[in-house]
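Beneath this line is the structure, given in structure tokens, with notes to follow.
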Amino acid sequence: MNSPWWREAVTYQIYPRSFADADGDGTGDLAGITSRLDYLADLGVDAIWLSPFYPSPQYDYGYDVSDARDVDPVFGTLEDAEALLKEAHELGLKVIIDLIPNHTSSSHPWFIDALAAGPGSPERDRYLFRDGRGPNGDEPPTNWRSVFGQPAWTRVSDGQWYLHMFDREEPDLNWRHPEVIEEFRSVLRWWLDRGVDGFRVDVAHGLVKALRDQRVPEGGEPNSDPAVMYEIGVDDDPMWDHPDVHEIYRDWHKVVSSYPGERMLIAEAWTRAPGDLRGYLRADEFEQAFNFRWLQSHWSAREFTDAIVSTLEALNPSRAWPTWVLSNHDAMRHRTRYGDGAQALARARAATLMMLALPGAAYLYQGEELGLPHVQLPPEHQLDPWAEGGNGRDGCRVPLPWSGEAPPFGFGPGDGQPWLPQPYQWADLTVAAQTGRPGSTLEFYRSALAARRRYAHGDKEVKFLDVPKDVIAFRRGRLTVVINCGATPTPLPRGDVLICSGEPLASELPPDTAAWLLSDE
Ligand code: GLC
């Protein structure tokens, strides 16, 4: 691995509920993950990122944390976490864990104390409690909506309101409070002492707010999605990207870099343009920030080119290297974003191959290496509190199929069914069914990751080639990378084909396909 390890690493995101279930209760757990780490080492990734496994009432599936220094019994014990870390390190895998500083669970002892202590108490001051507006205080303190679409303020029985930018069971912390600041320093140290290599910082752009109304045009509605506001011509997000968040990360950087080894911080910061990420990537803040441009793009050469060019341009003058991601636990799987059936799978593989050639780090989401589609679950299985139009994030969180002909497909021992139902059609997509099968998506990912390790690193520069519309081609070092987003075959550039996302080819690249070629110059 190059130094520092994270710069061009491939990190595999594990959603612990849905990866592997060792104890057979239908929910994935840490022991299940440990038992499958050799699969990930063999796949060829460099690191894993674990979504939260801390004690939590699971309203937001673990992003509502009630104790950041322990493991929820549903996922196992602290000893299981330590065993996982040890085993991963023995296999040469780095481990990144999720850190959730914007809010706690409503079951966190601090919030329970805050409710009991009442208005004006020091306990309330760790959160964002305010009196309401209007003659009886029954109007919320600001006009904000939460990310999940509800009002962002909830009123408690004594009449005060508390802010929650996500679920009402996820009260936002007051990041101007010294105890909050000290608590998170201590949580970082707690896990650094146990050997974690990095933290993925949840909602990094949201910790400090300007508590005032969001400006909306006449007749318009407030919205916490800056993209929606932008469309209606409003550039006012008092809840996001406050300049004072950076002080927090400068402080964390000192903590993290005081540890031996190359420990790191990666920001989940939803900024409007990739250039806005630069602030988070200053030398004394985050090592990396997620760049969601590609994850937000449809199958389109124009959109992909925009995503690549704007990212490279935005980061070029800085020391930072980009990151790339196509799928995660919050988004529709990229296979399904690109359409239906075999064509969508071909496109997903092609996009992955192009992404893996770009300079910087790549993040994969569990199951994409199997070509899993986003599942349209029946209403009784849509459990996500963020259920946009009855279609929440559950569809990308269906437990992985490992082996066998019928659910639970080896997810857990025996026949017990997992917490979300797996489609019967997944019999053909299990790890066992795809292992060793020529042309399977799993074998394609293995080959692509091996080829990346060998040929796609070091160079930060990307040179675009002149190619027909609907095709993108670029050179990076000795590698030429081409993707055909159009409807007709396109001539292949010069070079020897190293890997192709679809059918083997002679001198042309079919639609919905990407290839890497190697040339001497
Ligand atoms: C982040 C997480 C998401 C969670 C939210 C609140 O966006 O990725 O899953 O619901 O933060 O913590």
Side-chain angles (χ1 to χ4, degrees), residues 11 13-19 28 49-68 72 96-108 111 127-128 144-150 152 154 162-173 175 184 187 198-207 209 223-228 237 239-241 245 265-271 277 280 286 288-292 295-296 323 325-333 363-366 374 382-388 391-398 420:
T11 299
Q13 182 191 354
I14 294 180
Y15 194 67
R17 297 183 74 75
S18 303
F19 186 70
W49 149 34
L50 300 169
S51 281
F53 47 76
Y54 315 109
S56 160
Q58 308 283 331
Y59 284 107
D60 190 14
Y61 294 116
Y63 281 91
D64 47 330
V65 178
S66 47
D67 178 359
D72 194 293
I96 298 173
I97 63 172
D98 232 296
L99 184 78
I100 298 98
N102 180 64
H103 44 264
T104 69
S105 157
S106 55
S107 305
H108 191 288
F111 193 71
Y127 292 89
L128 296 168
W144 299 1
R145 307 290 294 185
S146 81
V147 174
F148 291 173
Q150 301 91 10
T154 290
Y162 69 89
L163 179 72
H164 50 87
M165 285 313 302
F166 293 85
D167 195 69
R168 58 182 291 172
E169 308 298 342
E170 297 178 314
D172 281 32
L173 285 164
W175 271 93
F184 275 84
V187 168
F199 298 89
R200 176 261 187 196
V201 178
D202 194 62
V203 198
H205 55 313
L207 272 47
K209 291 101 179 160
N223 196 304
S224 54
D225 182 344
V228 173
D237 312 305
M239 62 291 279
W240 305 131
D241 227 1
V245 295
L265 295 166
I266 169 162
E268 185 217 21
W270 288 86
T271 58
L277 286 176
Y280 294 82
F286 285 92
Q288 290 183 338
F290 277 106
N291 156 36
F292 294 113
L295 179 141
Q296 292 170 307
T323 64
V325 61
L326 286 163
S327 287
N328 69 23
H329 68 295
D330 288 331
M332 177 178 277
R333 284 187 178 275
Y363 283 79
L364 307 180
Y365 177 53
Q366 66 178 40
H374 200 86
Q382 293 189 7
L383 310 170
D384 181 15
W386 190 5
E388 283 174 291
N391 191 10
R393 298 168 294 177
D394 303 293
C396 63
R397 299 173 175 180
V398 173
L420 286 174

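Remember, it's 1-based here, ligands and their atoms both numbered in the order they're listed.
Not counting sequence neighbours, E169 has no partner by the salt bridge (Lys or Arg N to Asp or Glu O under 4.0 Å) test. Under the side-chain contact (heavy atoms from CB on, under 4.5 Å) criterion, N223 pairs with D225, V228, M229, not counting sequence neighbours. Remark: A68 pairs with V65, V187 by the side-chain contact (heavy atoms from CB on, under 4.5 Å) rule, at least two apart or across chains.
Inter-residue side-chain proximity for Y363 and R200 is flagged as unmet; no heavy-atom pair is nearer than 4.5 Å.
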I would like to know whether T323 and N291 meet side chain to side chain donor-acceptor pair (under 3.5 Å); could you show each step before the answer? CA-CA 6 Å; T323 64; N291 156 36; 5.2 Å; no
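For D98 and Y63, the side-chain atoms include at least one donor-acceptor pair closer than 3.5 Å.
The 4.0 Å heavy-atom shell around ligand 1 contains residues D60, Y63, H103, F148, F166, R200, D202, V203, E268, H329, D330, R393, R397, ordered by chain and number.
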